[in-house]
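These notes concern the structure reproduced below.
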Protein chains: 2
Amino acid sequence: MNNEKTNILLVEDDANLGSLLQEYLSAKGYNTKLATNGKEGFDLFCKQDFDLCLLDVMMPVKDGLTLAKEIRVNNKVVPIIFLTAKSMKEDTLEGFNAGADDYITKPFSMEELLVRIQAVLRRSSKQLSGNTEQAEFGVGVYKFNSDKQLLDYNGATQKLTTKEAALLRLLCIHKNDILDRNFALKSIWHDDNYFNGRSMDVYIAKLRKYLKDDAKVEIINIHGKGFKLLVNS
Amino acid sequence: MNNEKTNILLVEDDANLGSLLQEYLSAKGYNTKLATNGKEGFDLFCKQDFDLCLLDVMMPVKDGLTLAKEIRVNNKVVPIIFLTAKSMKEDTLEGFNAGADDYITKPFSMEELLVRIQAVLRRSSKQLSGNTEQAEFGVGVYKFNSDKQLLDYNGATQKLTTKEAALLRLLCIHKNDILDRNFALKSIWHDDNYFNGRSMDVYIAKLRKYLKDDAKVEIINIHGKGFKLLVNS
DNA sequence: CCCCCCGTTTAACTTTTTTTAACAGCATCT
DNA sequence: AGATGCTGTTAAAAAAAGTTAAACGGGGGG
(Lines give C-alpha, C1' and ligand atoms only; values in the text may rest on other atoms or scores of the structure.)
Protein backbone atom coordinates (compact mmCIF):
# COMPACT_ATOMS: atom_id res chain seq x y z
CA MET A 1 0.00 0.00 0.00
CA ASN A 2 1.67 3.24 -1.09
CA ASN A 3 0.70 6.62 0.16
CA GLU A 4 0.55 8.55 -3.09
CA LYS A 5 -2.63 10.31 -4.01
CA THR A 6 -4.74 9.01 -6.83
CA ASN A 7 -4.36 11.15 -9.94
CA ILE A 8 -7.48 11.98 -11.91
CA LEU A 9 -7.66 13.64 -15.30
CA LEU A 10 -10.86 15.67 -15.60
CA VAL A 11 -11.81 17.04 -18.99
CA GLU A 12 -14.91 19.23 -18.92
CA ASP A 13 -15.67 22.30 -21.02
CA ASP A 14 -18.16 23.88 -18.63
CA ALA A 15 -15.80 25.94 -16.46
CA ASN A 16 -18.22 26.07 -13.56
CA LEU A 17 -18.89 22.37 -13.39
CA GLY A 18 -15.23 21.69 -14.05
CA SER A 19 -13.84 23.58 -11.11
CA LEU A 20 -16.67 22.44 -8.87
CA LEU A 21 -15.82 18.81 -9.61
CA GLN A 22 -12.13 19.50 -9.21
CA GLU A 23 -12.67 21.01 -5.78
CA TYR A 24 -14.98 18.24 -4.69
CA LEU A 25 -12.57 15.53 -5.78
CA SER A 26 -9.65 17.30 -4.12
CA ALA A 27 -11.68 17.46 -0.93
CA LYS A 28 -12.15 13.72 -1.22
CA GLY A 29 -8.40 13.23 -1.43
CA TYR A 30 -7.91 12.91 -5.17
CA ASN A 31 -5.30 14.86 -7.04
CA THR A 32 -7.25 16.30 -9.96
CA LYS A 33 -5.97 17.99 -13.11
CA LEU A 34 -8.51 19.90 -15.18
CA ALA A 35 -8.64 20.48 -18.93
CA THR A 36 -11.42 22.28 -20.80
CA ASN A 37 -11.33 20.45 -24.11
CA GLY A 38 -10.12 17.27 -25.68
CA LYS A 39 -6.94 18.77 -27.06
CA GLU A 40 -5.81 20.15 -23.71
CA GLY A 41 -6.89 16.90 -22.14
CA PHE A 42 -4.65 14.87 -24.36
CA ASP A 43 -1.72 17.19 -23.67
CA LEU A 44 -2.15 16.68 -19.94
CA PHE A 45 -2.57 12.95 -20.39
CA CYS A 46 0.77 12.77 -22.18
CA LYS A 47 2.62 14.64 -19.48
CA GLN A 48 1.61 12.53 -16.55
CA ASP A 49 0.42 9.11 -15.47
CA PHE A 50 -3.20 9.17 -14.40
CA ASP A 51 -5.14 6.57 -12.46
CA LEU A 52 -8.49 7.58 -13.92
CA CYS A 53 -9.95 9.76 -16.68
CA LEU A 54 -13.26 11.61 -16.38
CA LEU A 55 -14.24 12.83 -19.83
CA ASP A 56 -17.15 14.97 -20.88
CA VAL A 57 -18.51 13.70 -24.18
CA MET A 58 -19.70 16.98 -25.68
CA MET A 59 -16.79 19.36 -25.98
CA PRO A 60 -15.48 21.90 -28.46
CA VAL A 61 -12.24 21.43 -30.39
CA LYS A 62 -12.05 17.72 -29.64
CA ASP A 63 -14.90 15.67 -28.18
CA GLY A 64 -14.65 13.08 -25.41
CA LEU A 65 -15.10 10.04 -27.60
CA THR A 66 -12.24 11.03 -29.85
CA LEU A 67 -10.08 11.77 -26.85
CA ALA A 68 -10.91 8.41 -25.31
CA LYS A 69 -9.85 6.62 -28.48
CA GLU A 70 -6.56 8.52 -28.48
CA ILE A 71 -5.99 7.69 -24.87
CA ARG A 72 -6.72 4.03 -25.52
CA VAL A 73 -4.12 3.93 -28.25
CA ASN A 74 -1.54 4.88 -25.66
CA ASN A 75 -2.94 3.20 -22.60
CA LYS A 76 -5.18 0.16 -22.68
CA VAL A 77 -5.85 -0.11 -18.98
CA VAL A 78 -6.41 3.31 -17.43
CA PRO A 79 -10.08 3.51 -16.43
CA ILE A 80 -12.24 5.98 -18.35
CA ILE A 81 -15.59 7.33 -17.19
CA PHE A 82 -17.73 9.45 -19.52
CA LEU A 83 -19.85 12.35 -18.41
CA THR A 84 -22.75 12.56 -20.87
CA ALA A 85 -25.35 15.29 -21.04
CA LYS A 86 -27.99 13.19 -22.73
CA SER A 87 -28.74 9.59 -22.11
CA MET A 88 -28.76 8.80 -25.81
CA LYS A 89 -28.15 5.15 -26.32
CA GLU A 90 -26.00 5.64 -29.38
CA ASP A 91 -23.65 7.77 -27.32
CA THR A 92 -23.48 5.17 -24.60
CA LEU A 93 -22.76 2.45 -27.04
CA GLU A 94 -20.13 4.43 -28.88
CA GLY A 95 -18.62 5.33 -25.55
CA PHE A 96 -18.21 1.76 -24.48
CA ASN A 97 -16.82 0.89 -27.88
CA ALA A 98 -14.27 3.65 -27.44
CA GLY A 99 -13.09 1.75 -24.38
CA ALA A 100 -15.01 3.36 -21.56
CA ASP A 101 -15.24 1.66 -18.20
CA ASP A 102 -18.37 3.46 -17.12
CA TYR A 103 -20.52 6.44 -17.98
CA ILE A 104 -22.63 8.75 -15.91
CA THR A 105 -25.48 10.91 -17.14
CA LYS A 106 -25.82 14.58 -16.26
CA PRO A 107 -27.19 15.78 -14.04
CA PHE A 108 -25.61 13.54 -11.43
CA SER A 109 -24.95 13.95 -7.74
CA MET A 110 -21.41 14.29 -6.48
CA GLU A 111 -21.97 11.26 -4.32
CA GLU A 112 -23.01 9.17 -7.28
CA LEU A 113 -19.90 10.18 -9.16
CA LEU A 114 -17.72 9.37 -6.18
CA VAL A 115 -19.25 5.93 -5.83
CA ARG A 116 -18.57 5.15 -9.45
CA ILE A 117 -15.03 6.44 -9.25
CA GLN A 118 -14.36 4.23 -6.28
CA ALA A 119 -15.91 1.24 -7.98
CA VAL A 120 -13.84 1.68 -11.12
CA LEU A 121 -10.65 2.24 -9.12
CA ARG A 122 -11.32 -0.82 -7.02
CA ARG A 123 -11.65 -2.88 -10.16
CA SER A 124 -8.48 -1.55 -11.70
CA SER A 125 -6.47 -1.97 -8.52
CA LYS A 126 -7.78 -5.51 -8.19
CA GLN A 127 -6.59 -6.06 -11.73
CA LEU A 128 -3.02 -4.98 -11.16
CA SER A 129 -1.68 -5.36 -7.67
CA GLY A 130 -2.45 -8.67 -6.05
CA ASN A 131 -4.40 -7.76 -2.96
CA THR A 132 -1.96 -7.05 -0.16
CA GLU A 133 -3.40 -8.36 3.06
CA GLN A 134 -0.55 -8.52 5.50
CA ALA A 135 -0.04 -11.98 6.96
CA GLU A 136 3.38 -11.77 8.69
CA PHE A 137 3.69 -9.81 11.90
CA GLY A 138 6.64 -9.35 14.20
CA VAL A 139 5.63 -9.20 17.86
CA GLY A 140 8.69 -8.66 20.01
CA VAL A 141 10.61 -11.90 19.94
CA TYR A 142 7.69 -13.73 18.31
CA LYS A 143 6.79 -14.04 14.65
CA PHE A 144 3.12 -14.46 13.81
CA ASN A 145 1.67 -15.62 10.51
CA SER A 146 -2.07 -15.06 10.43
CA ASP A 147 -2.64 -17.05 7.23
CA LYS A 148 -0.96 -20.13 8.59
CA GLN A 149 -2.18 -19.48 12.11
CA LEU A 150 1.29 -20.03 13.54
CA LEU A 151 3.16 -18.25 16.30
CA ASP A 152 6.93 -18.83 16.15
CA TYR A 153 9.37 -18.14 18.92
CA ASN A 154 12.92 -19.32 19.34
CA GLY A 155 12.52 -22.27 16.99
CA ALA A 156 9.34 -23.51 18.65
CA THR A 157 6.06 -23.18 16.80
CA GLN A 158 2.68 -22.79 18.44
CA LYS A 159 -0.38 -23.62 16.36
CA LEU A 160 -3.19 -21.16 16.92
CA THR A 161 -6.88 -21.82 16.50
CA THR A 162 -8.91 -19.77 14.02
CA LYS A 163 -10.27 -17.39 16.64
CA GLU A 164 -6.94 -17.00 18.39
CA ALA A 165 -5.28 -16.09 15.11
CA ALA A 166 -8.05 -13.71 14.07
CA LEU A 167 -7.88 -11.83 17.35
CA LEU A 168 -4.10 -11.67 17.42
CA ARG A 169 -4.18 -10.41 13.87
CA LEU A 170 -6.43 -7.51 14.80
CA LEU A 171 -4.21 -6.70 17.78
CA CYS A 172 -1.15 -6.71 15.52
CA ILE A 173 -2.77 -4.42 12.97
CA HIS A 174 -3.44 -2.00 15.81
CA LYS A 175 -0.10 -2.63 17.51
CA ASN A 176 0.65 -0.05 20.22
CA ASP A 177 -2.75 1.38 19.48
CA ILE A 178 -6.15 0.65 20.91
CA LEU A 179 -8.24 -2.15 19.43
CA ASP A 180 -11.86 -1.24 20.05
CA ARG A 181 -13.92 -3.97 21.74
CA ASN A 182 -16.98 -3.59 19.57
CA PHE A 183 -14.96 -3.33 16.41
CA ALA A 184 -13.17 -6.58 17.19
CA LEU A 185 -16.40 -8.31 18.15
CA LYS A 186 -18.11 -7.25 14.97
CA SER A 187 -15.25 -8.20 12.69
CA ILE A 188 -14.57 -11.60 14.26
CA TRP A 189 -17.84 -12.62 15.92
CA HIS A 190 -20.08 -10.53 13.66
CA ASP A 191 -22.17 -9.58 16.67
CA ASP A 192 -21.27 -7.73 19.85
CA ASN A 193 -23.52 -9.28 22.47
CA TYR A 194 -22.64 -10.11 26.05
CA PHE A 195 -21.55 -13.70 25.50
CA ASN A 196 -19.33 -12.94 22.56
CA GLY A 197 -17.73 -10.28 24.68
CA ARG A 198 -16.95 -12.83 27.37
CA SER A 199 -15.68 -15.23 24.72
CA MET A 200 -13.29 -12.57 23.54
CA ASP A 201 -12.03 -12.07 27.09
CA VAL A 202 -11.30 -15.78 27.26
CA TYR A 203 -9.25 -15.50 24.08
CA ILE A 204 -7.36 -12.48 25.37
CA ALA A 205 -6.33 -14.63 28.33
CA LYS A 206 -5.13 -17.38 26.00
CA LEU A 207 -3.09 -14.98 23.90
CA ARG A 208 -1.50 -13.54 27.03
CA LYS A 209 -0.32 -17.03 27.94
CA TYR A 210 1.15 -17.61 24.50
CA LEU A 211 2.98 -14.27 24.67
CA LYS A 212 4.17 -14.46 28.25
CA ASP A 213 7.78 -15.36 27.42
CA ASP A 214 8.66 -11.90 26.16
CA ALA A 215 8.40 -9.26 28.90
CA LYS A 216 8.41 -6.56 26.26
CA VAL A 217 5.12 -7.85 24.85
CA GLU A 218 1.92 -7.17 26.73
CA ILE A 219 -1.80 -7.02 26.07
CA ILE A 220 -3.28 -4.34 28.28
CA ASN A 221 -6.92 -3.52 28.83
CA ILE A 222 -8.32 -0.05 28.21
CA HIS A 223 -11.28 -0.07 30.54
CA GLY A 224 -14.55 0.23 28.70
CA LYS A 225 -12.80 0.68 25.35
CA GLY A 226 -10.84 -2.37 24.34
CA PHE A 227 -7.32 -3.77 24.33
CA LYS A 228 -3.90 -2.64 23.30
CA LEU A 229 -0.99 -4.83 22.21
CA LEU A 230 2.05 -3.14 23.67
CA VAL A 231 5.45 -3.96 22.20
CA ASN A 232 8.33 -2.11 23.85
CA SER A 233 11.37 -1.65 21.67
CA MET B 1 -9.76 -18.16 -26.73
CA ASN B 2 -12.05 -21.15 -26.54
CA ASN B 3 -15.33 -21.43 -28.36
CA GLU B 4 -17.63 -22.13 -25.46
CA LYS B 5 -20.60 -19.91 -24.85
CA THR B 6 -20.49 -17.34 -22.14
CA ASN B 7 -22.42 -18.49 -19.08
CA ILE B 8 -24.63 -15.97 -17.33
CA LEU B 9 -26.36 -16.44 -14.00
CA LEU B 10 -29.58 -14.43 -13.93
CA VAL B 11 -31.40 -14.06 -10.62
CA GLU B 12 -34.70 -12.22 -10.94
CA ASP B 13 -37.89 -12.83 -8.98
CA ASP B 14 -40.27 -11.36 -11.55
CA ALA B 15 -40.98 -14.45 -13.64
CA ASN B 16 -42.01 -12.43 -16.70
CA LEU B 17 -38.98 -10.21 -16.78
CA GLY B 18 -36.81 -13.16 -15.89
CA SER B 19 -37.74 -15.35 -18.78
CA LEU B 20 -37.86 -12.40 -21.14
CA LEU B 21 -34.28 -11.54 -20.28
CA GLN B 22 -33.26 -15.16 -20.47
CA GLU B 23 -34.66 -15.48 -23.97
CA TYR B 24 -33.12 -12.23 -25.11
CA LEU B 25 -29.71 -13.14 -23.80
CA SER B 26 -29.94 -16.60 -25.30
CA ALA B 27 -30.80 -15.02 -28.64
CA LYS B 28 -27.67 -12.92 -28.29
CA GLY B 29 -25.59 -16.05 -27.84
CA TYR B 30 -25.31 -16.22 -24.07
CA ASN B 31 -26.02 -19.37 -22.13
CA THR B 32 -28.31 -18.13 -19.37
CA LYS B 33 -29.43 -19.91 -16.19
CA LEU B 34 -32.36 -18.39 -14.31
CA ALA B 35 -33.11 -18.44 -10.60
CA THR B 36 -36.01 -16.64 -8.92
CA ASN B 37 -34.49 -15.85 -5.54
CA GLY B 38 -31.15 -15.50 -3.84
CA LYS B 39 -31.17 -18.95 -2.34
CA GLU B 40 -31.79 -20.67 -5.66
CA GLY B 41 -29.23 -18.33 -7.17
CA PHE B 42 -26.52 -19.40 -4.78
CA ASP B 43 -27.32 -23.06 -5.37
CA LEU B 44 -26.91 -22.58 -9.10
CA PHE B 45 -23.75 -20.55 -8.58
CA CYS B 46 -22.19 -23.38 -6.59
CA LYS B 47 -22.91 -25.98 -9.20
CA GLN B 48 -21.40 -24.25 -12.19
CA ASP B 49 -18.78 -21.74 -13.28
CA PHE B 50 -20.37 -18.54 -14.52
CA ASP B 51 -18.76 -15.71 -16.46
CA LEU B 52 -21.21 -13.09 -15.23
CA CYS B 53 -23.92 -12.65 -12.60
CA LEU B 54 -27.01 -10.48 -13.11
CA LEU B 55 -28.69 -10.02 -9.77
CA ASP B 56 -31.95 -8.33 -8.93
CA VAL B 57 -31.54 -6.43 -5.66
CA MET B 58 -35.07 -6.74 -4.33
CA MET B 59 -35.97 -10.39 -3.96
CA PRO B 60 -37.80 -12.61 -1.49
CA VAL B 61 -36.02 -15.25 0.60
CA LYS B 62 -32.56 -13.81 0.00
CA ASP B 63 -31.88 -10.42 -1.55
CA GLY B 64 -29.34 -9.61 -4.23
CA LEU B 65 -26.89 -7.82 -1.97
CA THR B 66 -26.65 -10.76 0.40
CA LEU B 67 -26.24 -13.10 -2.53
CA ALA B 68 -23.50 -10.93 -4.00
CA LYS B 69 -21.57 -11.02 -0.74
CA GLU B 70 -21.83 -14.80 -0.61
CA ILE B 71 -20.68 -15.08 -4.18
CA ARG B 72 -17.72 -12.79 -3.48
CA VAL B 73 -16.59 -14.96 -0.60
CA ASN B 74 -16.14 -17.81 -3.03
CA ASN B 75 -15.22 -15.99 -6.19
CA LYS B 76 -13.43 -12.67 -6.13
CA VAL B 77 -13.37 -12.03 -9.84
CA VAL B 78 -16.65 -13.02 -11.50
CA PRO B 79 -18.36 -9.81 -12.67
CA ILE B 80 -21.62 -8.88 -10.94
CA ILE B 81 -24.22 -6.48 -12.31
CA PHE B 82 -27.15 -5.41 -10.16
CA LEU B 83 -30.64 -4.79 -11.48
CA THR B 84 -32.21 -2.20 -9.19
CA ALA B 85 -35.80 -1.05 -9.28
CA LYS B 86 -35.16 2.28 -7.65
CA SER B 87 -32.15 4.49 -8.16
CA MET B 88 -31.64 4.89 -4.45
CA LYS B 89 -28.13 6.00 -3.73
CA GLU B 90 -27.77 3.91 -0.61
CA ASP B 91 -28.57 0.83 -2.64
CA THR B 92 -26.02 1.77 -5.23
CA LEU B 93 -23.37 2.36 -2.65
CA GLU B 94 -24.11 -0.80 -0.75
CA GLY B 95 -24.10 -2.66 -4.01
CA PHE B 96 -20.66 -1.50 -4.96
CA ASN B 97 -19.42 -2.30 -1.50
CA ALA B 98 -20.79 -5.80 -1.89
CA GLY B 99 -18.43 -6.13 -4.83
CA ALA B 100 -20.61 -5.14 -7.76
CA ASP B 101 -19.05 -4.25 -11.09
CA ASP B 102 -21.97 -2.25 -12.37
CA TYR B 103 -25.62 -1.62 -11.75
CA ILE B 104 -28.50 -0.80 -14.01
CA THR B 105 -31.77 0.85 -13.02
CA LYS B 106 -35.15 -0.49 -14.03
CA PRO B 107 -36.73 0.11 -16.37
CA PHE B 108 -33.91 -0.39 -18.81
CA SER B 109 -33.81 -1.28 -22.47
CA MET B 110 -32.52 -4.65 -23.57
CA GLU B 111 -29.95 -2.89 -25.66
CA GLU B 112 -28.68 -0.91 -22.70
CA LEU B 113 -28.30 -4.09 -20.69
CA LEU B 114 -26.46 -5.78 -23.51
CA VAL B 115 -24.02 -2.89 -23.81
CA ARG B 116 -23.24 -3.04 -20.12
CA ILE B 117 -22.82 -6.79 -20.19
CA GLN B 118 -20.38 -6.50 -23.04
CA ALA B 119 -18.46 -3.75 -21.28
CA VAL B 120 -18.16 -5.72 -18.07
CA LEU B 121 -17.16 -8.88 -19.90
CA ARG B 122 -14.57 -7.00 -21.89
CA ARG B 123 -13.06 -5.73 -18.66
CA SER B 124 -13.05 -9.10 -16.98
CA SER B 125 -11.49 -10.85 -19.95
CA LYS B 126 -8.86 -8.13 -19.99
CA GLN B 127 -8.22 -8.91 -16.36
CA LEU B 128 -7.11 -12.49 -16.67
CA SER B 129 -8.03 -14.30 -19.78
CA GLY B 130 -6.61 -17.73 -19.07
CA ASN B 131 -9.47 -18.41 -16.71
CA THR B 132 -11.05 -21.57 -15.31
CA GLU B 133 -11.26 -25.20 -16.28
CA GLN B 134 -7.68 -25.67 -15.17
CA ALA B 135 -6.83 -29.34 -14.86
CA GLU B 136 -3.16 -29.39 -13.85
CA PHE B 137 -2.23 -28.17 -10.40
CA GLY B 138 1.11 -28.04 -8.69
CA VAL B 139 0.83 -28.76 -4.98
CA GLY B 140 4.24 -28.53 -3.39
CA VAL B 141 6.12 -31.59 -4.52
CA TYR B 142 2.98 -33.17 -5.93
CA LYS B 143 1.36 -32.73 -9.32
CA PHE B 144 -2.39 -33.14 -9.49
CA ASN B 145 -4.44 -33.64 -12.65
CA SER B 146 -8.11 -33.22 -11.85
CA ASP B 147 -9.30 -34.50 -15.24
CA LYS B 148 -7.35 -37.73 -14.99
CA GLN B 149 -7.84 -37.89 -11.22
CA LEU B 150 -4.17 -38.59 -10.66
CA LEU B 151 -1.82 -37.39 -7.97
CA ASP B 152 1.84 -37.74 -8.94
CA TYR B 153 4.79 -37.53 -6.61
CA ASN B 154 8.36 -38.59 -7.12
CA GLY B 155 7.53 -41.04 -9.91
CA ALA B 156 4.73 -42.71 -7.99
CA THR B 157 1.14 -42.15 -9.07
CA GLN B 158 -1.88 -42.27 -6.80
CA LYS B 159 -5.27 -42.81 -8.40
CA LEU B 160 -7.95 -40.65 -6.84
CA THR B 161 -11.66 -41.35 -6.69
CA THR B 162 -14.13 -38.90 -8.18
CA LYS B 163 -14.96 -37.21 -4.89
CA GLU B 164 -11.34 -37.08 -3.78
CA ALA B 165 -10.37 -35.39 -7.03
CA ALA B 166 -13.29 -32.97 -6.95
CA LEU B 167 -12.47 -31.86 -3.43
CA LEU B 168 -8.76 -31.54 -4.07
CA ARG B 169 -9.56 -29.53 -7.16
CA LEU B 170 -11.60 -27.02 -5.20
CA LEU B 171 -8.86 -26.79 -2.61
CA CYS B 172 -6.32 -26.14 -5.36
CA ILE B 173 -8.43 -23.44 -6.97
CA HIS B 174 -8.57 -21.72 -3.58
CA LYS B 175 -4.94 -22.54 -2.74
CA ASN B 176 -3.68 -20.59 0.30
CA ASP B 177 -7.16 -19.19 0.59
CA ILE B 178 -10.23 -20.39 2.39
CA LEU B 179 -12.54 -22.90 0.75
CA ASP B 180 -15.98 -22.34 2.21
CA ARG B 181 -17.61 -25.47 3.64
CA ASN B 182 -21.05 -24.81 2.24
CA PHE B 183 -19.72 -23.81 -1.13
CA ALA B 184 -17.74 -27.04 -1.40
CA LEU B 185 -20.71 -29.09 -0.24
CA LYS B 186 -23.03 -27.49 -2.73
CA SER B 187 -20.52 -27.75 -5.57
CA ILE B 188 -19.64 -31.39 -5.01
CA TRP B 189 -22.52 -32.90 -3.03
CA HIS B 190 -25.20 -30.48 -4.27
CA ASP B 191 -26.63 -30.32 -0.78
CA ASP B 192 -25.16 -29.15 2.51
CA ASN B 193 -26.80 -31.35 5.12
CA TYR B 194 -25.20 -32.85 8.19
CA PHE B 195 -24.21 -36.18 6.67
CA ASN B 196 -22.65 -34.69 3.59
CA GLY B 197 -20.64 -32.49 5.89
CA ARG B 198 -19.35 -35.54 7.73
CA SER B 199 -18.63 -37.21 4.42
CA MET B 200 -16.55 -34.25 3.38
CA ASP B 201 -14.60 -34.48 6.64
CA VAL B 202 -13.81 -38.08 5.81
CA TYR B 203 -12.47 -37.00 2.43
CA ILE B 204 -10.38 -34.25 3.98
CA ALA B 205 -8.76 -36.95 6.12
CA LYS B 206 -8.05 -39.04 3.03
CA LEU B 207 -6.49 -36.13 1.19
CA ARG B 208 -4.32 -35.33 4.20
CA LYS B 209 -2.96 -38.85 4.07
CA TYR B 210 -2.18 -38.59 0.38
CA LEU B 211 -0.40 -35.27 0.94
CA LYS B 212 1.46 -36.16 4.11
CA ASP B 213 4.86 -36.68 2.45
CA ASP B 214 5.46 -32.99 1.83
CA ALA B 215 5.72 -31.02 5.06
CA LYS B 216 5.17 -27.82 3.10
CA VAL B 217 1.68 -28.94 2.11
CA GLU B 218 -1.06 -28.85 4.68
CA ILE B 219 -4.85 -28.74 4.81
CA ILE B 220 -5.87 -26.68 7.80
CA ASN B 221 -9.34 -26.19 9.18
CA ILE B 222 -10.89 -22.75 9.61
CA HIS B 223 -13.34 -23.48 12.38
CA GLY B 224 -16.93 -22.90 11.32
CA LYS B 225 -15.84 -21.69 7.88
CA GLY B 226 -14.11 -24.36 5.86
CA PHE B 227 -10.62 -25.51 4.90
CA LYS B 228 -7.47 -23.98 3.54
CA LEU B 229 -4.84 -25.73 1.45
CA LEU B 230 -1.55 -24.23 2.59
CA VAL B 231 1.47 -24.57 0.32
CA ASN B 232 4.69 -22.97 1.58
CA SER B 233 6.90 -21.75 -1.19
C1' DC C 1 -28.69 -63.58 -12.01
C1' DC C 2 -25.82 -63.36 -8.15
C1' DC C 3 -21.87 -61.89 -5.96
C1' DC C 4 -17.93 -59.24 -5.33
C1' DC C 5 -15.57 -54.94 -5.70
C1' DC C 6 -15.22 -50.32 -5.07
C1' DG C 7 -16.47 -45.71 -4.00
C1' DT C 8 -19.20 -43.59 -0.94
C1' DT C 9 -22.04 -42.83 3.11
C1' DT C 10 -23.29 -43.63 7.78
C1' DA C 11 -22.08 -44.53 12.36
C1' DA C 12 -19.56 -44.40 16.56
C1' DC C 13 -16.10 -42.68 19.18
C1' DT C 14 -12.29 -39.19 20.08
C1' DT C 15 -10.22 -34.81 20.10
C1' DT C 16 -10.16 -29.92 19.40
C1' DT C 17 -12.26 -25.52 19.38
C1' DT C 18 -15.54 -22.44 20.93
C1' DT C 19 -19.10 -20.85 23.99
C1' DT C 20 -21.34 -20.50 28.37
C1' DA C 21 -21.21 -20.25 33.24
C1' DA C 22 -19.59 -19.01 37.66
C1' DC C 23 -16.90 -16.51 40.68
C1' DA C 24 -13.24 -13.42 41.98
C1' DG C 25 -10.90 -9.03 41.27
C1' DC C 26 -10.55 -4.38 39.77
C1' DA C 27 -11.99 0.31 38.00
C1' DT C 28 -14.80 4.15 38.32
C1' DC C 29 -18.22 7.07 40.28
C1' DT C 30 -20.74 8.83 44.05
C1' DA D 1 -16.57 2.85 51.51
C1' DG D 2 -20.29 0.95 48.71
C1' DA D 3 -22.48 0.18 44.35
C1' DT D 4 -22.05 -1.02 39.73
C1' DG D 5 -20.27 -2.43 35.63
C1' DC D 6 -15.97 -4.41 33.31
C1' DT D 7 -12.38 -7.63 33.18
C1' DG D 8 -9.45 -12.01 34.55
C1' DT D 9 -9.58 -16.73 35.11
C1' DT D 10 -10.93 -21.34 35.26
C1' DA D 11 -13.93 -25.04 34.40
C1' DA D 12 -18.04 -27.03 32.21
C1' DA D 13 -20.92 -27.75 28.35
C1' DA D 14 -21.67 -27.61 23.55
C1' DA D 15 -20.42 -27.62 18.86
C1' DA D 16 -17.33 -28.72 15.16
C1' DA D 17 -13.90 -31.50 13.25
C1' DG D 18 -10.63 -35.87 13.19
C1' DT D 19 -10.52 -40.72 12.68
C1' DT D 20 -11.62 -45.38 11.91
C1' DA D 21 -14.47 -48.90 10.52
C1' DA D 22 -18.71 -50.93 9.20
C1' DA D 23 -22.83 -50.53 6.12
C1' DC D 24 -24.67 -49.40 1.79
C1' DG D 25 -25.37 -49.70 -3.13
C1' DG D 26 -24.45 -49.66 -8.02
C1' DG D 27 -21.80 -51.73 -11.89
C1' DG D 28 -18.98 -55.42 -13.88
C1' DG D 29 -17.37 -60.19 -14.05
C1' DG D 30 -18.39 -64.81 -13.27
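Residue numbers start from 1 in every chain, and the chains themselves are labelled A, B, ... in the order their sequence lines are given, proteins ahead of strands. Keep in mind that the numbers below use all heavy atoms, side chains included, and drop hydrogens, waters and symmetry copies. Predicted model only: the values in this text are computed from it and were never measured.
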Here the distance between atom P of C:dA21 and atom CG of A:Asp201, to the nearest Å, is 15 Å
> Can you say whether the rings of B:Phe42 and B:Phe183 are parallel (under 30°), tilted (30 to 60°) or perpendicular (over 60°)?
Replying inline: tilted
note: A:Lys225, atom NZ; D:dG5, atom P; distance rounded to Å ~ 17 Å
(request) I would like to know whether B:Lys62 and B:Glu70 meet salt bridge (charged side-chain N to carboxylate O under 4.0 Å, His left out); could you show each step before the answer? (result) CA-CA 11 Å; B:Lys62 187 190 287 178; B:Glu70 285 186 5; 3.0 Å; yes
In whole angstroms, the gap separating P of D:dT9 from CE of A:Met200 amounts to 14 Å
Side chain to side chain contact (heavy atoms under 4.5 Å, CB included) filter on A:Thr32, not counting sequence neighbours, yields A:Ile8, A:Leu10, A:Gln22, A:Leu25, A:Ser26, A:Tyr30
query: So B:Tyr142 and B:Tyr153, would you call those rings parallel, tilted or perpendicular, with 30° and 60° as cut-offs?
result: tilted
Between CZ of A:Arg181 and P of D:dT7 the distance, given in whole Å, is 4 Å
- Query: Is the backbone N or O of B:Gly138 less than 3.5 Å from a side-chain atom of B:Lys175, with the two atoms forming a donor-acceptor pair by type?
  - Reply: yes
To the nearest angstrom, the NZ-P distance between B:Lys212 and D:dT19 comes to 13 Å
With sugar-phosphate taken as primed atoms, P, OP1 and OP2 and all else as base, the protein-contact string of nucleotides 5-15 of chain C at under 4.0 Å (heavy atoms; B, S, -) is --SBBBSB---
> Should the pair B:Asp201-B:Arg181 be classified as a salt bridge under the 4.0 Å nitrogen-to-oxygen rule?
Replying inline: yes
Rounded to whole Å, NE2 of B:His223 lies from P of D:dG18 at a distance of 10 Å
